[in-house]
Amino acid sequence: MSDYKRFFSYVYAYENSTKTTNSGFAKIETRGEKTDIELHMQRLNIGQGTASLYLFVCRGEKIRGIFICDIPFQNHTINWHVSLQTNHIGETDHTLSDISGIVIKIGERIAYISQWDETAVDWDSFYVNESEMDEPFNSTTVEDDSLRSEELSEQSDSVLSITNIATPAMNPTIMINPIPVCEADEDDVLQKIWENFKSRYLQVHPFEDQGITALKIELKELKEFPQSNWHLISNRFLLRGFFTYRYLLFWQTQENGRKKWLIGVPGIFRREEHVLANIFGFHDFISDTKRQTKENPFGYWYRTMDEEC
């Protein structure tokens, strides 16, 4: 598949033409004449509204913006997918190879940028041909996240390159049919789930120094947890980890005399991985003491499971 290409690029917030914080990432995937772009951004400084998506081309000292579409955002979040013609970006003569990155404008302000190359850019020179915004745009937009799982692999500092797909595309909301678990007695629903899983899954001790027993569980078991956790079924970071290592880790700890139940996604600790884990709600990492290495330690990105329905 010589015409296949896929890469990831971080999206940064900009204020007064200056890069500030990481806000998410873009995935760009090309198959022949079709290019798909996905945006996944969180913790935006504006709660809801509409932003304008551009791809940009560096032309000497000028930066030409090619209008693609308007994208909605709500709850300080963007999850959006758009399909383009690889050799006629925005119905121009530009191909994907001409494109240097993404610009997202809110009103007249450049709010977010993802740049794919190292070209020095003066954002005050950004311009848009207004006539392009009135022309019909031959693309297909799909609202929200497509929820396909794919494997993210070796990552560079600004662009995460992937050349192989090791995970089959699938829609987990179809694969998994959640059923209610919260009915009469909800005093300790996660304890009941733990006892149920213990009879079916391997018990392991990856954190020997802490005396913790954990269970290696399958993705399908997320349907057994209270409904407030069901959003994890479509969490792309969790899906990527599961389809790479084929299991999730479930365990409990004590915090201030109270049980705390955790779900862990296996993976390697890297700075770039830490950024992605945070975007998808897995803010903490614990090393597997049995598989310790000085560089790139193996362990689990984890978060607390909600006991409420």
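Values below: all heavy atoms of this structure, side chains included; hydrogens, waters and symmetry mates excluded. From a predicted model like this one, the values you see are computed outputs, not experimental measurements.
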Participant: Could you tell me which residues satisfy side-chain hydrogen bond (donor to acceptor under 3.5 Å, both in side chains) with Y302, sequence neighbours excluded, listed by chain and number?
Facilitator: none

Participant: F25 and Y10: aromatic ring centres closer than 6.0 Å?
Facilitator: no

Participant: Do W194 and W261 make a side-chain contact, defined as non-hydrogen atoms from C-beta onward lying under 4.5 Å apart?
Facilitator: yes

Participant: Does Q203 CD have over 12 foreign heavy atoms under 6.0 Å away?
Facilitator: yes

Participant: Report yes if some heavy atom in the side chain of K198 is under 4.5 Å from a heavy atom in the side chain of T213; otherwise report no.
Facilitator: no

Participant: What do the steps show when you test R270 against E272 for salt bridge (charged side-chain N to carboxylate O under 4.0 Å, His left out), and what is the final call?
Facilitator: CA-CA 5 Å; R270 298 189 185 96; E272 297 86 356; 5.9 Å; no

Participant: How long is the gap from CD1 on I286 to CG on L262, to the nearest 0.5 Å?
Facilitator: 8.5 Å

Participant: For atom CD of E61, is the number of surrounding heavy atoms from other residues, nucleotides or ligands below 6.0 Å larger than 12?
Facilitator: no

Participant: So how far is it from T20 OG1 to Y112 OH, rounded to the nearest 0.5 Å?
Facilitator: 8.0 Å

Participant: Please lay out, stage by stage, how I217 and I263 fare under the test side-chain contact (heavy atoms from CB on, under 4.5 Å).
Facilitator: CA-CA 10 Å; I217 67 171; I263 194 77; 3.9 Å; yes

Participant: For salt bridge (charged side-chain N to carboxylate O under 4.0 Å, His left out), just list the numbers for R240 and E273, CA-CA rounded to whole Å, side-chain angles, deciding distance to a tenth of an Å, and then say yes or no.
Facilitator: CA-CA 12 Å; R240 186 281 304 270; E273 189 82 350; 2.3 Å; yes

Participant: Report the C-alpha distance between F207 and W251 in whole Å, list the side-chain angles of each, state the deciding distance to 0.1 Å, and finish with yes or no for ring-ring contact (aromatic ring centres under 6.0 Å, His included).
Facilitator: CA-CA 11 Å; F207 322 119; W251 76 98; 5.3 Å; yes

Participant: If you take all heavy atoms of V189 and P226, which pair is closest and at what distance?
Facilitator: CG1-CG, 3.7 Å

Participant: Side chains of Q115 and K19: closer than 4.5 Å at any heavy-atom pair?
Facilitator: no

Participant: Has N196 got a side-chain atom pairing as donor or acceptor with K192's backbone, closer than 3.5 angstrom?
Facilitator: no

Participant: From S23 OG over to Y14 OH, what is the distance, rounded to the nearest 0.5 angstrom?
Facilitator: 11.0 Å

Participant: Please determine whether side-chain contact (heavy atoms from CB on, under 4.5 Å) holds for the pair F285 and H274, giving the CA-CA distance in whole Å, both sets of side-chain angles, and the decisive distance to 0.1 Å.
Facilitator: CA-CA 9 Å; F285 182 86; H274 194 184; over 6 Å; no

Participant: Does any N or O in the side chain of T35 come within less than 3.5 Å of the main-chain N or O of L84, such that one atom is a donor and the other an acceptor?
Facilitator: no

Participant: Apply the test side-chain contact (heavy atoms from CB on, under 4.5 Å) to residues L249 and L215: give CA-CA distance (whole Å), side-chain angles for both, the deciding distance (0.1 Å), then the verdict.
Facilitator: CA-CA 6 Å; L249 203 69; L215 300 176; over 6 Å; no

Participant: Just by distance, do the side chain of W80 and the backbone of I37 share a donor-acceptor pair under 3.5 Å?
Facilitator: no

Participant: Quick one, L222 with W230, criterion side-chain contact (heavy atoms from CB on, under 4.5 Å). Give me CA distance, side-chain angles, the key distance, then yes/no.
Facilitator: CA-CA 7 Å; L222 291 177; W230 288 355; 6.0 Å; no

Participant: Do L39 and V82 have side chains that approach each other closer than 4.5 Å (heavy atoms only, starting at C-beta)?
Facilitator: no

Participant: T92 side chain to G90 main-chain N or O, any donor-acceptor pair under 3.5 Å?
Facilitator: no

Participant: Would you say N16's side chain and T18's backbone share a donor-acceptor pair under 3.5 angstrom?
Facilitator: no

Participant: So, for F126 and F56, is the gap between ring centers shorter than 6.0 Å?
Facilitator: no

Participant: Mind checking whether S287 and F269 have side chains closer than 4.5 Å, heavy atoms only?
Facilitator: no

Participant: How far apart are the closest heavy atoms of C58 and V121, and which atoms are they?
Facilitator: SG-CG2, 4.1 Å

Participant: Minimum heavy-atom separation for A51 to I106, with atom names?
Facilitator: CB-CG1, 4.0 Å

Participant: Would you call I102 and I68 a side-chain contact if the rule is heavy atoms closer than 4.5 Å?
Facilitator: no

Participant: Looking at side-chain heavy atoms only, is the closest gap between D124 and S17 below 4.5 Å?
Facilitator: yes

Participant: Rounded to the nearest 0.5 Å, how far apart are CD1 of I28 and OG1 of T86?
Facilitator: 12.0 Å

Participant: Can you give me the closest heavy-atom contact between V265 and G241, atom names plus distance?
Facilitator: CG1-CA, 3.6 Å

Participant: May I have the step-by-step check of ring-ring contact (aromatic ring centres under 6.0 Å, His included) for Y300 and F298, ending in yes or no?
Facilitator: CA-CA 7 Å; Y300 300 89; F298 177 83; 5.6 Å; yes

Participant: Closest approach of W116 and S9, non-hydrogen atoms and distance?
Facilitator: CD1-OG, 3.4 Å

Participant: So do the side chains of I113 and I104 get within less than 4.5 Å of each other, counting heavy atoms only?
Facilitator: no

Participant: What heavy-atom pair brings E224 and I193 nearest, and what distance separates the two atoms?
Facilitator: O-CD1, 3.2 Å

Participant: Around K259, counting heavy atoms of other residues, nucleotides and ligands shown, do more than 12 lie under 6.0 Å from its NZ?
Facilitator: yes

Participant: Backbone N or O of F280 within a donor-acceptor pair of the N235 side chain at under 3.5 Å?
Facilitator: yes

Participant: Distance check, rounded to the nearest 0.5 Å: Q42 atom CD versus N22 atom CG?
Facilitator: 10.5 Å

Participant: To the nearest 0.5 Å, what is the distance between NZ (K27) and OG (S114)?
Facilitator: 14.0 Å

Participant: Can you confirm whether the side chains of N87 and T95 place a donor and an acceptor under 3.5 Å from each other?
Facilitator: no

Participant: Could you tell me whether the side chains of N229 and Q227 share a donor-acceptor contact shorter than 3.5 Å?
Facilitator: no

Participant: Atom CZ of residue position R200 - does it have more than 12 heavy atoms of other residues, nucleotides or ligands inside 6.0 Å?
Facilitator: yes

